Structure formats: structure tokens, C-alpha cells
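See below for the structure under consideration.
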Amino acid sequence: MPENASLLVVQHQDNCTPALFADWLVARRLTLDVRRPYAGDALPADVGGHAGLLVLGGAMGAHDDATHPWLTPTKALVRQATDAGAPVLAICLGHQLAAVAFGGTSTPNPRGQTAGVREIGWREEAGDDPLCRALRSDIGAVVAHWNSDVVTELPTGATVLATTDDGFPQVMRLGRQTWGVQFHPEVDHAVLSVWADDDRDRTVSDGPDVDEALQEVKEEESQLHATGRRVAEAFADVVLGRR
């Protein structure tokens with residue numbers, strides 16, 4: 001794969017951008033073709049001339065195709081890229097979309113919203129997985145979660161590489177090199193502060209204390225950056241054929 005290969009990025013709303021990932025991936029000599037279908041950008045029928053696919057998060061649910069119609073072609077893109085063997089990284093909503101695309105189910109977490117810093121709950125299946133390898137060597141690695149929905153039924157053939165403390169898939173692989181991560185490796189305290197402002201009224205009544213969650217993120221920001229950067233670089237290396 002040549003340097004400066006293009007990565008197709010599906011963004012679902014204005015405040016869920018590639019964020020820190022943009023700098024880290026570009027530094028790894030990838031170019032980003034960001035599509036915003038909610039704003040009228042067309043989604044291609046396949047990954048085509050792109051070297052891989054990145055699907056970002058969003059506030060909608062993975063089954064909300066009727067109100068967010070671009071979710072249907074996004075799922076089709078994930079299936080097509082996976083079947084073609086193109087690397088795919090799907091984050092939070094993207095993780096849920098990838099599961100649903102292959103027959104799984106995503107629902108609101110019965111334990112409520114997850115927000116703040118969590119450890120990665122590695123499973124033996126992670127083994128020598130190329131995306132996980134750099135993280136598994138980092139004992140005590142932490143990641144940022146900000147999600148209400150989780151994958152509650154895995155598609156056939158999915159491999160769970162890590163789980164959250166409540167037992168839901170935190171990292172999964174579909175096929176050879178399609179990964180879904182429930183956490184947000186691309187964000188920092190500034191990004192999450194915007195999200196907290198958007199849903200503060202709801203989370204105060206039925207979820208975690210968002211200010212406490214933001215404080216956790218602020219205190220662990222250095223480690224979160226290191227972990228997120230490792231995810232970005234590991235994925236870029238897969239896209240560029242270095243792993």
C-alpha cells in the first residue's frame with residue numbers, strides 16, 4: 001500500500017469528528033476523506049479506491065435508520081469493506097453499526113449510560129491481534145467511554161477481544177481486519193465537555209455524574225492520549241500494510 005493512502009471516514013454529526021485521530025492518522029501518512037451524510041455528503045457504494053474505512057460515533061442508535069437514513073448505506077459499507085478485506089475501525093456507534101450490519105443487536109445498556117475512564121478488559125482471544133498488540137503491552141491502559149448503547153447480541157463469527165466491567169463487548173473483530181471499539185480513542189477532555197453539555201439534563205437524572213466523569217478524563221488525559229494514539233497508529237499500520 002502506497003504512502004498517503006486515502007481513508008474513508010463516515011461522520012454522523014458535527015460534534016463527533018475524527019478529533020485527535022485526524023492528526024495521528026495524517027502523521028502516519030494517511031489522507032482522510034471525511035463524508036458527512038447528515039449534511040448531504042454522498043456515501044460511496046463501496047470503499048473503492050480507499051485503503052480502509054473509519055466509522056465514527058454519534059448520539060443516534062444503530063437501529064435508527066428510519067430517522068437517520070444514511071445508517072443503512074453505512075452498514076452496507078462496513079459489510080462491503082469487510083468482505084473485500086479492507087481494514088475497518090468502527091468507534092462507539094460505529095462499533096454498534098458494525099455488529100448490526102452482520103446480524104447482531106444493539107440496545108440501551110440496562111445499567112444506564114457509561115461515562116468516564118475505564119480499563120480495557122482484555123480477553124485471551126486478543127492474543128497477537130494486530131490492533132491490540134500495542135495496547136496489551138501497556139499494563140493498566142485506560143480509555144474514555146461515553147455511551148448509552150451497547151452491543152447486546154453479537155453477530156455470528158464475531159470475536160470478542162475485550163469486555164467492559166459489565167460484560168459487554170469493548171473490542172471485537174469481525175472477519176480478518178474489521179474492528180469495533182466501544183470506547184472513544186479519538187477524544188480528549190475538550191471534546192467530551194461538549195458532549196456533556198449536550199446531554200447534561202438527561203444524564204443528571206438517569207446516568208452518571210458527568211462532571212465527575214469529566215474530571216476522571218482530565219486527570220487521566222495523558223494516559224488517554226497515549227492509548228488513543230496507539231490505536232490510531234496500529235490501525236494506520238494495518239491500513240498501510242505494515243502489519
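From a predicted model like this one, the values you see are computed outputs, not experimental measurements.
Between the side chain of Asp188 and the backbone N or O of Val191 there is at least one donor-acceptor pair closer than 3.5 Å. Between the Gln170 side chain and the Gly121 main chain, a donor and an acceptor come within less than 3.5 Å of each other. Side-chain atoms of Gln113 do not come within 3.5 Å of backbone N or O of Trp146 as any donor-acceptor pair. With hydrogens and angles ignored, the 3.5 Å screen pairs no side-chain donor or acceptor of His68 with any backbone N or O of Asp65. Between the side chain of Arg36 and the main chain of Asp41, no donor-acceptor pair closer than 3.5 Å is present. With hydrogens and angles ignored, the 3.5 Å screen pairs a side-chain donor or acceptor of Asp64 with a backbone N or O of Gly61. Although no hydrogens or angles enter the test, the distance criterion places no donor-acceptor pair under 3.5 Å between the side chain of Thr163 and the main chain of Gly167. Here the side chain of Trp24 pairs no donor or acceptor atom with the backbone of Glu186 at under 3.5 angstrom. Checking side-chain atoms of Gln13 against main-chain N and O of Asn15 turns up no donor-acceptor pair under 3.5 Å.
Taking NE2 of His184 as the reference point, atom NE2 of His95 lies at 10.5 Å (rounded to 0.5 Å). For the atom pair SG (Cys92) and NE2 (His12), the distance works out to 10.0 Å, reported to the nearest 0.5 Å. Interatomic distance, Gln182 CD to Asp149 CG, rounded to the nearest 0.5 Å: 8.0 Å. Atom CZ of Arg133 and atom CG of Asp237 lie 9.5 Å apart (nearest 0.5 Å). Here the straight-line distance linking atom CG of Leu97 with atom CG of Leu77 works out to 11.0 Å at 0.5 Å rounding. Summarising the geometry, atom CZ belonging to Arg229 is positioned 9.0 Å from atom CG belonging to Asp23; distances are rounded to the nearest 0.5 Å.
Tracing side-chain contacts under 4.5 Å through hydrophobic residues (I, L, V, M, F, W, Y), one never reaches Leu71 starting from Leu56; they form parts of separate clusters. Residues Val151 and Val78 fall within the same hydrophobic cluster, defined by Ile, Leu, Val, Met, Phe, Trp and Tyr side chains chained together at heavy-atom separations under 4.5 Å. Leu93 and Leu89 end up in different hydrophobic clusters when Ile, Leu, Val, Met, Phe, Trp and Tyr side chains are linked at under 4.5 Å. Follow the hydrophobic side-chain contacts under 4.5 Å out from Val181 and you never reach Val55; the two are in separate clusters. The hydrophobic clustering, which links ILVMFWY residues whose side-chain heavy atoms are closer than 4.5 Å, places Met172 and Val143 apart.
Among all heavy-atom pairs drawn from Leu224 and Val142, the shortest one is CD2-O, 3.6 Å. Taking every heavy atom of both residues into account, Leu8 and Pro44 meet most closely at CD2-CG, 3.7 Å. The two residues Phe102 and Pro155 come nearest to each other via the heavy atoms O-CB, 3.1 Å. Considering every non-hydrogen atom in both Ser106 and Ala62, the closest pair reads CB-CB, 4.2 Å. Of all heavy-atom pairs spanning Pro130 and Ala234, the tightest one is O-CB, 4.0 Å. When all heavy atoms are compared, the tightest approach of Trp70 to Met60 is CZ2-CE, 3.9 Å.
With contacts defined as side-chain heavy-atom distances shorter than 4.5 Å, the pair Leu161/Arg123 does not qualify. Proximity of His145 to Thr164: side-chain heavy atoms (C-beta onward) are separated by under 4.5 Å at one or more points. Side-chain contact between Gln96 and Val150: absent, with no pair of heavy atoms (C-beta onward) separated by less than 4.5 Å. Counting heavy atoms from C-beta on, the side chains of Val34 and Thr17 never come closer than 4.5 Å. Considering only heavy atoms from C-beta on, Leu214 comes within 4.5 Å of Ser193 through its side chain. Contact of the Phe168 side chain with the Thr114 side chain is not registered, since no non-hydrogen atoms from C-beta on lie closer than 4.5 Å. For the pair Thr31/Asp33, no side-chain contact is recorded, criterion being any heavy-atom separation below 4.5 Å from C-beta on. Two residues are said to be in side-chain contact when any heavy atoms from C-beta on lie closer than 4.5 Å; Ile91 and Pro185 meet this criterion.
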- Message: As a quick check of understanding, evaluate side-chain contact (heavy atoms from CB on, under 4.5 Å) for Val9 and Phe21, giving each step before the final call.
- Response: CA-CA 11 Å; Val9 181; Phe21 253 44; over 6 Å; no
- Task: Take Leu25 and Leu32 through the side-chain contact (heavy atoms from CB on, under 4.5 Å) test and state the conclusion after the steps.
- Result: CA-CA 8 Å; Leu25 293 171; Leu32 305 187; 4.0 Å; yes
- Could you please spell out the steps behind the side-chain contact (heavy atoms from CB on, under 4.5 Å) verdict for Thr74 and Leu43? CA-CA 8 Å; Thr74 299; Leu43 290 180; 3.4 Å; yes
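Exactly one residue among Val239, Leu7, Val10 makes a side-chain contact (heavy atoms from CB on, under 4.5 Å) with Leu53. That residue is Val10.
The aromatic rings of Phe235 and Trp179 sit perpendicular to each other, their planes meeting at more than 60°, with 30° as the lower class boundary.
Side chains of Asn109 and Asn147: a donor-acceptor N/O pair is absent below 3.5 angstrom, by distance only.
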